[in-house]
Protein chains: 2
Amino acid sequence: MAVSKREEFDQELVQIAEMGRAIAHPARVAILRAIAAKQGCVCGEIVDLLPLAQSTVSQHLKILKEVGLVKGEVEGPRSCYCIDWEILGKYSASFKQFLEMLPEHKISECC
Amino acid sequence: MAVSKREEFDQELVQIAEMGRAIAHPARVAILRAIAAKQGCVCGEIVDLLPLAQSTVSQHLKILKEVGLVKGEVEGPRSCYCIDWEILGKYSASFKQFLEMLPEHKISECC
DNA sequence: TCCTTCTATCGTATATCTACGATAAACGAT
DNA sequence: ATCGTTTATCGTAGATATACGATAGAAGGA
């Protein structure tokens, strides 16, 4: 019982929720910022920036890759992570649109 | 073991993550939109809009109230939910700022 | 008063997230 | 070929999230 019903919603809502899920942990926000700031994309230092074990950071990175915000490759002892700016742009556009659509009916105050 | 380390991050990051958590489920995105569209704030119809049980919707509403995006009161058989526009504005501002700060270093492509 | 309606909360079950250590896998250097 | 470095994955444990039915509580109407 209690199967998740995430997928029963409109694709648009699911997409916004995915964006939310991606940034729903401060570690992932920090990782995104770190990757964006490190234009060189050599990103072993992410682990040093965070109060988390290497394996935990790797899990957070995996989530970010699943959502699509981050793309990366590992070549042995080196790594290459970077923001997928296209995906990020898409997500943030639909998110901004959602935020700006909300107050359209902001007519009557209540409560 | 495995205590959450959410709170060990900068307050700024935690706040963005809270916003993310609030919209990390499509049901909550739908609820926010429904409340915003129903300027009258009589919101028993939310349950009818969603493929979820009333108690589940109530839980999602509780999360939105915890984060602060929604405020509401119940007066017996009537309800009054509405967006806290001030909080929403604060959150979305810091979120937009985060999004716009990210590509500042978008100099070198890689991967 | 009793009934209906609406919402919150409780209890419960399952799923997912978060976190760590241990280990594997890939590659450069020796 | 072996070692060291870097990252991913596995195994595991505890914490949250998700979902539902059952029930409680509050208020209006009969």
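Computed from a prediction, not measured in an experiment: that's the story for all the values here. In what follows, chains are A, B, ... by sequence order, proteins preceding strands, each numbered from 1.
In this structure, Q59(A) places its CD atom 11 Å from P of dA8(D), rounding to the nearest Å. Rounding to whole angstrom units, CZ of residue R28(A) and C1' of dA19(C) are separated by 13 Å. The CD atom of E66(A) sits 14 Å away from the C1' atom of dT18(C) (whole-angstrom rounding). Look at CG on L52(B): it is 17 Å from P on dA17(D), rounded to the nearest Å. Here dC20(D) presents its P atom at 9 Å from NE2 of H60(B), a figure rounded to the nearest Å. One can place CD of Q54(A) at 15 Å from P of dT23(C), the figure rounded to the nearest angstrom. One atom, CD1 of I23(B), and another, P of dT18(D), lie 13 Å apart when rounded to the nearest Å. Note: NZ (K5(B)) to C1' (dA19(C)) measures 8 Å, nearest angstrom.
When the nearest nucleotides of DNA chain C are assigned to K65(B) and F9(B) by heavy-atom distance, the more 5′-ward of the two goes with K65(B). Place L61(A) and S55(B) on DNA chain D by their nearest nucleotides, and L61(A) ends up nearer the 5' end.
Of the side-chain N and O atoms in R21(B), one or more sit less than 4.0 angstrom from OP1 or OP2 of dA17(D). Side-chain N/O atoms of T56(A) include one lying less than 4.0 angstrom from OP1 or OP2 on dC20(C). Using a 4.0 Å cut-off, some side-chain N or O of S58(A) falls inside it from OP1 or OP2 of dA8(D).
Using bins of under 30°, 30° to 60° and over 60° for the plane-to-plane angle, the ring pair H25(B)/H60(B) lands in the tilted bin.
If you take CD1 on I63(B) and CD1 on I31(B), they are separated by 9.0 Å, rounding to the nearest 0.5 Å. Separating the CD1 atom in I46(B) from the CG atom in L32(B) is a distance of 9.5 Å, to the nearest 0.5 Å. Atom CG of L52(A) sits about 8.0 Å away from atom CD of E8(B), to the nearest 0.5 Å.
You'll find that the side chain of R6(B) is closest to dT18(C), out of dT7(C), dC20(C), dT18(C).
At least one donor-acceptor pair under 3.5 Å links the side chain of R28(A) to the backbone N or O of R21(A).
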